[in-house]
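In what follows, every chain begins at residue 1, and chains take the letters A, B, ... in the order their sequences are listed.
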Amino acid sequence: MKRLLVLVALLVGFLGTPVLADGLGPVIPKATGEAHPEGNLFMRINHMNLMKHDRDETVLKGDREISHSLKACIDCHVVNGDDGEPVSVKSEKHFCVVCHEFAAVKVDCFQCHNSKPQITTEALLKPELADANDIATYLKEAEE
Amino acid sequence: MLSTLYALLFYTASVLMVVGLALKIRKYARTPAPLKIPTTPAPTTRGGVVLRMAREVVFFESLFKSNKWIWLFGYLFHVGLLLVLLRHFRYFTNPVWWWVELIQPFGVYASFAMVAGLAGLWARRFLVERIRYISSPSDHLMLALLLAIGLSGMTMKFAAQTDIVAVKVFFLGLMRFQINELPMHLPLLVHLGLVAILMIIFPISKLLHVPGLFFSPSRNQVDNSRDKRHLAPWAAELEK
């Protein structure tokens, strides 16, 4: 019993020593748009439920006017790689991957969905992209 | 404030469990086994004993031979608990080991097996007349505690999720003697509080069957009494 008390005392003594620099958690990339009205903590805890709920709304009821669409997540939480282009879910820098890797939670979304912001039709029609070579390159990339 | 309290609780619980278990194991290892009493038919070689013990640990062979339905519930619970525990390694390792990542979904299903097993074992203590008569409060309490831990954990998986990234930062911090903020989330606080209680009472409870199994003379002895005379050291002293 005495030895046990000494051990506990030793451990409590450790707690008095200065705390190491924290930074044990993942570094979450900043988003590009407005903050969530529900707050970050709410989204951290409930994002999967919101997306699943809205998926059912869309798939089962055909309602596309939903508040939490995966596409909007991807557009706003875009992270650019070293080449300045948005990274895909294969990159460790990807917004979803940062935490999901930390918590060992598999993301199934991107087996079907795109993990990068879509190139919009307007963007494709911009003069600088309307070059035949660029379009050919884009189509080739899209095929892969 | 509550984060510090939980941190202290877990440090205390860890020390009590590790030291308590070590003392108990030392006691078991030093307890003399004066007689040769392996339950026959028993292996006649050391290797055979290792194999028999392995079957006992992995398949609960004796229980299977004696009672099939108790074995079923017991096995469901233990295998479920094992998978669930392994799944929890993700909160203590960074980066998470590949095989821990692999078993994550199995651990989720295992929680149902674990709770079903516990429910069956607890029903046994009420419904089987003979067992109800010999059940002590600790038998019921251990089942209630494990069931409550399982259900509070499942609540966080299936109903009221918590900020698991913050939970992991808290535990990674504890392992580096640094106290981080624990999410103030009721199911989480209940879950962790009950786990700490379980860790504290582990070395003084019936859960000691975990190390105890390996020290059971009827299971760990070689059946070679006809080849070799069994002489405990203290008995050898008397013969001098």
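Residues of residues 186-195 of chain B having a heavy atom under 4.5 Å from any heavy atom of chain A: none. Heavy-atom proximity under 4.5 angstrom to chain A picks out B/Arg90, B/Asn94, B/Val96 from residues 82-100 of chain B. Residues from residues 72-90 of chain A never place a non-hydrogen atom less than 4.5 Å from a non-hydrogen atom of chain B. Near-neighbour residues of residues 93-111 of chain A relative to chain B, defined by a heavy atom under 4.5 Å from a heavy atom of that chain, comprise A/Cys99, A/Glu101, A/Phe102, A/Ala103, A/Ala104, A/Val105.
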Show the numbers, then the answer: is there a side chain to side chain contact (heavy atoms under 4.5 Å, CB included) between B/Gln221 and B/Ile37? CA-CA 7 Å; B/Gln221 288 184 346; B/Ile37 49 166; 4.0 Å; yes
Using side chain to side chain contact (heavy atoms under 4.5 Å, CB included), reason through B/Val167 and B/His185 one step at a time and then give a plain yes or no. CA-CA 10 Å; B/Val167 175; B/His185 181 244; over 6 Å; no
How far apart are the C-alpha atoms of B/Gln161 and B/Met156, what are their side-chain angles, what is the distance that settles it, and do they pass the side chain to side chain contact (heavy atoms under 4.5 Å, CB included) test? CA-CA 5 Å; B/Gln161 282 87 358; B/Met156 280 184 283; over 6 Å; no
Does the side chain to side chain contact (heavy atoms under 4.5 Å, CB included) test come out yes or no for B/Val115 and B/Met154, once each step is laid out? CA-CA 10 Å; B/Val115 166; B/Met154 286 172 83; 3.6 Å; yes
Could you check B/Phe158 against B/Phe112 for ring-ring contact (aromatic ring centres under 6.0 Å, His included), going step by step and ending with a plain yes or no? CA-CA 11 Å; B/Phe158 298 107; B/Phe112 289 95; 5.3 Å; yes
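Residues B/Pro211 and B/Phe215 approach most closely at O-CD1, 3.2 Å, considering heavy atoms. Heavy atoms only, all atoms of each residue included: B/Leu198 and B/Leu145 are closest at CD1-CD2, 3.7 Å. Shown here for B/Pro32 and B/Trp234, the closest heavy-atom pair between the two residues is CB-NE1, 3.3 Å. In terms of heavy-atom proximity, B/Asn220 sits nearest to B/Phe214 at ND2-O, 3.0 Å. For B/Ser3 against B/Leu182, the heavy-atom pair with the smallest separation is OG-N, 2.9 Å. Residues B/Phe10 and B/Leu174 share a closest heavy-atom pair of CB-CD1, 4.0 Å.
In summary, the aromatic rings of B/Tyr75 and B/Phe64 are positioned with their centroids too far apart to meet the 6.0 Å limit.
The neighbour count for B/His140 NE2, taken as heavy atoms of other residues, nucleotides or ligands under 6.0 Å away, is above 12.
A heavy-atom distance below 4.5 Å is not found between the side chains of A/Met51 and A/Arg55.
No donor-acceptor pair under 3.5 Å is formed between the side chain of B/Ser216 and the backbone N or O of B/Ser218. Looking at B/Asp163, its side chain never comes within 3.5 Å of a backbone N or O of A/Ile45 through a donor-acceptor pair.
Only the side chain of B/Ile164 comes within contact range of chain A, judged by heavy atoms closer than 4.5 Å. Of the atoms belonging to B/Gln104, it is side-chain heavy atoms, and not backbone ones, that fall under 4.5 Å from chain A.
Using cut-offs of 30° and 60° for the angle between ring planes, the B/His78 and B/His209 rings count as perpendicular.
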